[in-house]
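Numbers here are sequence positions counted from 1.
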Amino acid sequence: MLLGTVLVLLLFSAAPASAHAALRGTDPDDGSVVQRAPRHLTLTFTESVGLLDDSFRVFGPDQRRVPTGEAQHADGRSDTARVGLPGKLAQGTYTVAWRVVSADSHPVSGAFTFSVGKRSATTAQIDTGPDEDPLTGGLHDAARYLAYLAAALLVGTVAFALLCRPADTSPLRRPLVAAWWTLLGSTVALLMLRAPYETGAGPAAAFDLSALERTLAGRPGLALLARLAVLLLTAAFLLRLSRRRDHQEPVMRAVGATLAVALALTWAAAEHASAGIQVPVAMTSSVLHLVATGVWLGGLVALLLTLRRASVGALAEVVPRFSRIAFASVTVLAVTGLYQSWRGLGSLAALTGTSYGRLLLAKLLAVTALLLAAGYSRRWTARLAAPAATARTAVPERVPQPVGVGASAQPEGPGESGQPGEPQKPEAPEAPEDRQEPSRAAEPASGSGDEDTRRRGLRRSVLVEVVVAAVVLLITTLLTATLPGRAQAEAAQRPPAGALPPTTLVTVPFDTGGSTGTLSGRGTVQVTLDPARVGDNGVQAVVYGADKGLVVVPEVRITFTLPSREVGPIDAGLADAGGYWSANSVNLPLAGTWTMKTTVRVSDVDQVTVSKQVRIVP
């Protein structure tokens, strides 16, 4: 029932996934006006991205699509995407829709605008391409969750069989087969859905052979192919495991551990750990985390099935072994989980200020509930193991004791006095000492009810663990499809999409201390730098009076100086453009914080110079 509910939620309530590559900046800037048409469009992301056949869609002022070149990485940097533009672009506003694939296999898309020469109105609705098909996204998320569940069950069940060594492994055969086939089916589904998931198309696009070929050439597709290969090796291993001998157990454990690590690598190589900081350490931590998760959570299912059929004596050996293995797994999970949380969050503020942090808190609460249930199970484990330990210590004392007086006296003769002619007394077998011994022999039978109670109690607590574990895996699936707090913070360091650079508009107040005719000596100059980057910049200055209305002044002069590099002053060379002052090309050669001095002259003798700091970015 729980699994069905989860699948329904994933299938019909799937929102667009938040990928892990965030846009850092665009060239030209979003919303900027450039004097000359650019030869390329370049996007920079917080991590490496993969490119699609249709990664860029550029639309001109007439809403028609502009032909572009093939999308490539700029200067060999995997965190960039670049596309060439035609040699001549008409004046007006251009809309750029883009879509790339994050290094952790999730697609990310967006749009921005720039203008050549001047802005133009865009009244028609532009088709910037699909964002995400809800059905494709739901099927893809459901397949990912099933893959997590099946991998945990497969790894945990094999580990339980090899490390806990139950006498009867027949209850584990069906879950092993079901886990293997489920993981195989979900992997094939992920491989087929990869292309429509990346492009935002419907599920029918999964049968496009050309799209499948492109999937097999990318890192996510190669990781899924590797998972299929590991599954085939695992099938051969499981067949061998069913016919193993005791002397082969060390070899089988080594092979099983190798396959578990290889299986975990197919996730680590295409998701969280493969992008961002400290990739080698992160991938090692991710593999250990996934293997420990499978050993613990999948082992819980194997233990639950074993509790249904194994005898109490067999459980007294198996359950403590699994308890020790589970404790070691939890220790590994705690260490690797702490590292991965730090790596994904980046700061404590992100724990409550981002979706990633809030999901992480939810997972922490679920894991805490799981640990509480595990602690309760450990108490039942101790109660179940205690009677068996007592029985093992009591056996040597009971074996030499006589079964009964009648039996021990039988060799002495038929009579109590030992005389041949005296008849045997019938009361001897009914002596009180003889009646007490059968009652002692029946004690295990009377205690078996208590042992069954302990076993049922352990089964109930383990069942609770299994249910909570399924919730933990669900949150983990959602967590891997959410933008980490660290990447979100890196993206926030750049201007958000649709916003002008922060230094584009600078308001300079002035006060000359006097007035000329109707012109007051006070007001403001609104200076616009476009795009406030290294190289040529456009500068426009508009003068407002004290009443906020536009005023005409005899002169406005602006110079730029970079004190840290001893550059300047560079005169902008503003010219009166009829109501405002303008310069089309001011070359600012270096990035840094420049001092902008604005001089406003309101008469032949009244003028004032005001300095402001402006930031020029690379």
Side-chain angles (χ1 to χ4, degrees), residues 20 103-106 144-160 163 179 183 186 220 223 226-227 230 256-302 322 324-346 351 356-357 359-371 374 465-466 468-482 484-487:
H20 298 158
D104 55 12
S105 77
H106 299 290
R144 289 176 62 242
Y145 181 65
L146 285 176
Y148 274 120
L149 281 179
L153 181 58
L154 184 62
V155 172
T157 305
V158 172
F160 185 87
L163 300 178
L183 186 54
S186 60
R227 189 179 302 170
V230 174
T258 303
L259 289 173
V261 169
L263 195 62
L265 271 173
T266 63
W267 270 276
E271 292 193 352
H272 259 269
S274 63
I277 62 173
Q278 303 176 355
V279 171
V281 179
M283 289 191 65
T284 303
S285 174
S286 179
V287 169
L288 292 175
H289 195 85
L290 289 170
V291 172
T293 299
V295 171
W296 182 25
L297 303 187
L300 285 174
V301 178
F322 177 75
R324 292 189 292 269
I325 294 170
F327 180 80
S329 300
V330 170
T331 303
V332 173
L333 288 173
V335 175
T336 56
L338 183 63
Y339 168 76
Q340 291 177 5
S341 299
W342 167 82
R343 183 175 179 268
L345 285 173
L351 194 60
Y356 183 87
L359 274 175
L360 197 60
L361 284 176
K363 182 179 178 179
L364 180 61
L365 292 175
V367 171
T368 301
L370 188 59
L371 291 175
E465 288 187 72
V466 171
V468 179
V471 176
V472 171
L473 288 178
L474 173 60
I475 298 175
T476 300
T477 305
L478 298 176
L479 199 61
T480 57
T482 305
R486 185 182 296 274

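With a 4.5 Å cut-off on side-chain heavy atoms, L263 and L183 count as touching. Contact annotation: the side chain of V367 approaches that of L371 to within less than 4.5 Å [non-hydrogen atoms, C-beta and beyond]. Side-chain contact between H289 and V332 is absent, with no heavy-atom pair separated by less than 4.5 Å. With contacts defined as side-chain heavy-atom distances shorter than 4.5 Å, the pair V287/M283 does not qualify.
The minimum heavy-atom distance linking V295 with A159 is given by the pair CG2-CB, 4.1 Å. The two atoms that bring S286 and A268 nearest to each other are OG-CB, 3.7 Å, heavy atoms only. Across all their heavy atoms, V155 and V291 have their closest contact at CG1-O, 4.2 Å. Scanning all heavy atoms of the two residues, the minimum distance from L290 to A264 falls at CD1-O, 3.6 Å.
Atom CH2 of residue W267 and atom CZ of residue R144 lie 10.5 Å apart, to the nearest 0.5 angstrom. Rounding to the nearest 0.5 Å gives a distance of 12.0 Å between OG1 of T368 and NZ of K363. Note: L288 CG to Y339 OH = 12.0 Å, rounded to the nearest 0.5 Å. Here the straight-line distance linking atom CZ of F322 with atom CG of L163 works out to 10.5 Å at 0.5 Å rounding. Taking CD1 from I475 and CG from L359, the interatomic distance works out to 7.5 Å, rounded to the nearest 0.5 Å. From R227, atom CZ reaches atom OG of S186 across 7.0 Å, with rounding to the nearest 0.5 Å.
Judged as a side chain to side chain donor-acceptor pair (under 3.5 Å), the pairs with a partner in residues 147-159 (not counting sequence neighbours) are, in order, Y148-E271.
S329 pairs by the side-chain hydrogen bond (donor to acceptor under 3.5 Å, both in side chains) definition with nothing, not counting sequence neighbours.
In this structure, S285 contributes its side chain and V281 its backbone to no donor-acceptor pair below 3.5 Å.
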